[in-house]
Structures are given as structure tokens and as C-alpha cells.
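Report on the following structure.
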Amino acid sequence: MHTRREFLLHSVGPLVVGAAASTLEQLLSAQSRGRSYRYDLVVKGGQVVDPSQGLSARRDVAVSGSKISRLADSIPEADALHVIDATDRIVTPGWIDIHVHVYDGVAPLGIPADPNCIAKGVTTAVDAGSAGAHTFPGLRKYVINVSDTRILALLNISVVGQSTLSQDNPWGELLDLRYANADLAAKTIERHRDVIVGVKVRLTRNIAGEHDLEVLRRARTAADAVGLPVMIHIGGSHSTVAEILDLVKPGDVITHSFRGGEGGILDPQGRVHDEVLEKVASGVHLDIGHGAGSFSFDTAEKALEQGLKPGTISSDVHQFNVHGPVFDLATTVSKFLHLGLTLEEAIQRVTFNPSRVFGRLHELGTLREGATADISVFALDQGDFRLTDAHGATRLGRRVLRPVASVKAGELYGAASIPTERL
Ligand SMILES: [Zn+2]
């Protein structure tokens with residue numbers, strides 16, 4: 001006799017990714033020996049925040065197989081094989097982090113994907129240029145193909161990806177211009193079009209030297225050849241922001257957009273450059289990419305005061321910031337709650353907005369009936385929390401999102417989170 005098991009969120013322990021998360025298929029084999037249920041899973045009683053539908057209200061979410069099958073005020077527990085009790089929790093479409101580094105063991109800044117993505121509420125992550133044409137097959141074979149997190153990638157215009165630059169070796173991947181090969185990049189993208197969503201180029205002086213505009217042109221050539229966008233990493237470059245933006249097209253992504261220091265979006269008086277506003281109006285996406293050196297509370301406060309909000313919030317989580325100040329995407333989003341974004345505005349920037357940036361993500365970022373069943377569940381903790389930017393500046397946050405559980409294409413995962421420092 002088989003009885004329905006209930007997943008109570010407060011009982012989901014730390015780090016139960018993969019091994020402990022039974023697949024619904026496995027659990028469904030039990031169903032065939034017992035009674036049958038209308039739904040495989042119901043996430044019950046949570047505050048559903050789904051900006052794709054303008055929804056922020058108490059709802060139950062039902063999953064059948066790998067799809068969202070129903071969204072309703074109340075779905076009876078008896079109709080579901082499994083029930084997640086999401087009372088007092090925030091339930092959102094699965095989060096999408098469009099800037100991470102998960103080529104663990106090859107790019108010195110790489111970290112393992114699953115403990116840092118799906119265990120943190122990020123069901124889909126985009127590796128932002130850890131691999132180039134020569135190193136991409138390994139990223140595909142050893143990371144993308146075997147991770148529980150859904151991983152897509154931006155291909156670095158440098159054939160070596162980010163394998164050369166580390167804290168001990170300041171030699172960036174584009175200092176030798178011969179590594180910037182548009183033809184090889186385009187060929188690699190054609191071969192892996194199902195998982196590569198664009199081209200990445202980093203323009204900081206220690207990475208691209210004085211030929212930043214030339215490597216950006218080559219990234220542009222490769223991206224145009226395959227009809228995909230470029231993600232441009234700005235800051236501390238040889239050329240000015242205006243010169244760089246001249247080569248940026250609608251659909252492209254500017255990452256590290258709220259960075260401090262030179263080469264950012266603000267002029268010396270703290271005003272957002274006109275060129276930045278013009279590009280955003282034309283359809284260029286501003287992405288956060290917090291990282292170890294690329295998010296400043298001061299810049300963010302000035303930009304938001306002038307009405308400029310980011311299009312997407314991403315973490316740029318990697319080896320040199322995963323133990324702080326980034327930790328994970330939830331901590332990055334919590335910084336924007338402190339900065340004054342509403343919960344709905346913040347969630348939109350990690351769900352619906354990123355799903356619009358890259359074509360391959362269009363079917364994600366929503367809890368609409370029939371959509372892929374990617375769901376993230378969070379607690380919204382209240383208290384006094386210390387939030388730290390990439391320059392060591394701190395702010396007092398009153399609420400932080402803490403990952404509790406994720407569902408990716410109908411499969412359930414628990415959460416691992418490092419508690420944000422309470423004051
Ligand atoms: Zn990065």
C-alpha cells in the first residue's frame with residue numbers, strides 16, 4: 001500500500017541536490033501500483049509572484065510530468081501525488097541567472113554548477129564566457145551534459161576562454177589578439193547551437209589590452225554570422241564607454257552595468273551617460289553581473305535615483321566571490337530589495353526579463369499553464385542583515401530571500417543556502 005508523501009519545506013535539509021531528490025518518474029512508478037493522481041506535484045499555499053502574468057497573489061501550482069498543468073486559488077491535496085507546503089513562502093518561476101562561471105577545473109574562476117545554481121533556486125544558468133572555441137567541447141561534455149541545473153553558455157571570443165586569467169596570473173585571454181577568432185567562434189556556435197546563446201567579450205585593460213575595440217568588432221562579427229547577441233563586459237577598459245557602445249546593437253547585453261570606478265555608466269558628476277540611456281531605449285539590455293569587482297551600491301543608488309533600473313539581475317558568481325560578497329543570486333536580488341525595487345520588480349529581473357534576452361530561454365521564466373515546470377520557492381526572512389557590495393561598502397537590509405526548494409522540468413530539488421549575516 002503506497003501513501004502520498006508530503007514534502008514539508010522546513011524539513012528540506014541542506015544540500016540535497018541530485019542524489020536525495022527523487023525524480024517524479026521514480027516516484028510515479030509507485031503510483032502505478034496504488035491509486036492514480038490527477039497531478040504529480042502541487043506547490044500549495046504560497047505567495048505566487050509571476051511577473052510574466054502580472055500575478056502576485058496566493059495560488060496553488062500543479063505540475064504534471066515536466067509541465068505546469070494548473071494555477072488556481074485552491075487545488076485539493078488529494079489530487080496530487082506529492083505536495084509541497086509553501087505556506088508563508090514565495091513561489092516564482094524558476095530563476096534564470098544569465099551570468100555565472102561553472103567551468104570548474106578549467107577556468108580558474110570556475111565553481112561547481114549544482115551546489116551554486118539549482119540548490120540556490122537557479123534552475124537555469126548561463127555560463128558567461130568561461131569557454132572559448134578550443135575549450136567549449138569540455139564545458140559541454142563535463143558540465144552542461146551532466147549537471148542538474150539547466151546550463152546554457154555564451155562563447156568567449158577568445159579560443160582559450162577564461163583559462164589564462166587567475167589571481168596569480170594576470171594574463172587575460174585577449175591580450176594576444178590571435179586568440180580572438182571570429183571564424184572559429186562562429187563554427188563552434190553552429191555545432192552547439194542548442195546550448196550556446198551568444199558571444200561573450202571582456203574589455204578590461206588586463207584582459208583585452210589596448211585593442212578592446214578590435215576584439216569587440218570580432219565578437220560582433222561572430223555573433224552577426226550566427227544571428228545571436230553579444231554580452232559585453234565593461235569597466236576599466238582602454239577605450240571610452242561611448243566608443244564601446246558605438247559597436248553595441250539592440251539585443252546585446254551590457255554586463256557589470258552598475259559597477260563602480262572608471263569605465264562605468266556614470267560620468268564623473270554621477271550622471272548616467274546619455275549614450276547609455278540611448279542604447280537602453282534602443283533595446284540594449286543592462287545586466288548586473290555583480291561579481292568580485294563589478295557592483296557598487298553607490299552606482300546603483302545614483303542610477304536608480306535617475307530612474308534607470310537594470311533589465312536583468314545576475315550574480316557573476318565565481319571562485320573569488322562565492323564566499324562573499326556575492327554568495328548567490330538570492331543575495332544579489334536581496335540587495336535590490338534594499339535598493340527599493342519591489343519584490344515583483346526584483347523577481348521579474350531573474351525570471352521573465354532574462355527569458356526575453358536569449359531566444360533559447362523564451363519558453364522559461366513563467367508559470368503559465370503548459371510551460372516547462374521550473375519553479376523556485378523562497379523564504380523572505382525579516383530582520384537586520386549586512387549586505388556588502390564588490391567594494392566592501394555595506395548596507396542594512398531588512399529582508400532577504402532564502403532559497404528553499406526548486407523544481408526543474410518537474411523534478412524536485414532541495415536547497416542549500418548560506419545564511420545572510422544578521423546584525
Ligand atoms: Zn563574469
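When a ligand or atom number is given, it counts from 1 through the structure's own listing order. Here the structure is a predicted model, which is why all the values come from computation and not from measurement.
- When the Zn ion (ligand 1) is compared with the N/O/S atoms of D316, atom OD1 turns out nearest.
- Put simply, H101 gets within reach of the Zn ion (ligand 1), with an N, O or S atom under 2.8 Å from it.
- Note: H233 and H256 have perpendicular aromatic rings, judged against thresholds of 30 and 60 degrees for the angle between ring planes.
- Side-chain contact check for S130 and D127: at least one donor-acceptor pair (N or O, by modelled atom type) lies under 3.5 Å.
- None of the N, O or S atoms belonging to H256 lies under 2.8 Å away from the Zn ion (ligand 1).
- Judged by distance alone, with hydrogens and angles left aside, the side-chain atoms of R386 form no donor-acceptor pair with the main-chain N or O of T394 at under 3.5 Å.
- Of the candidates T92, I68, T123, I68 is the only one forming a side-chain contact (heavy atoms from CB on, under 4.5 Å) with I375.
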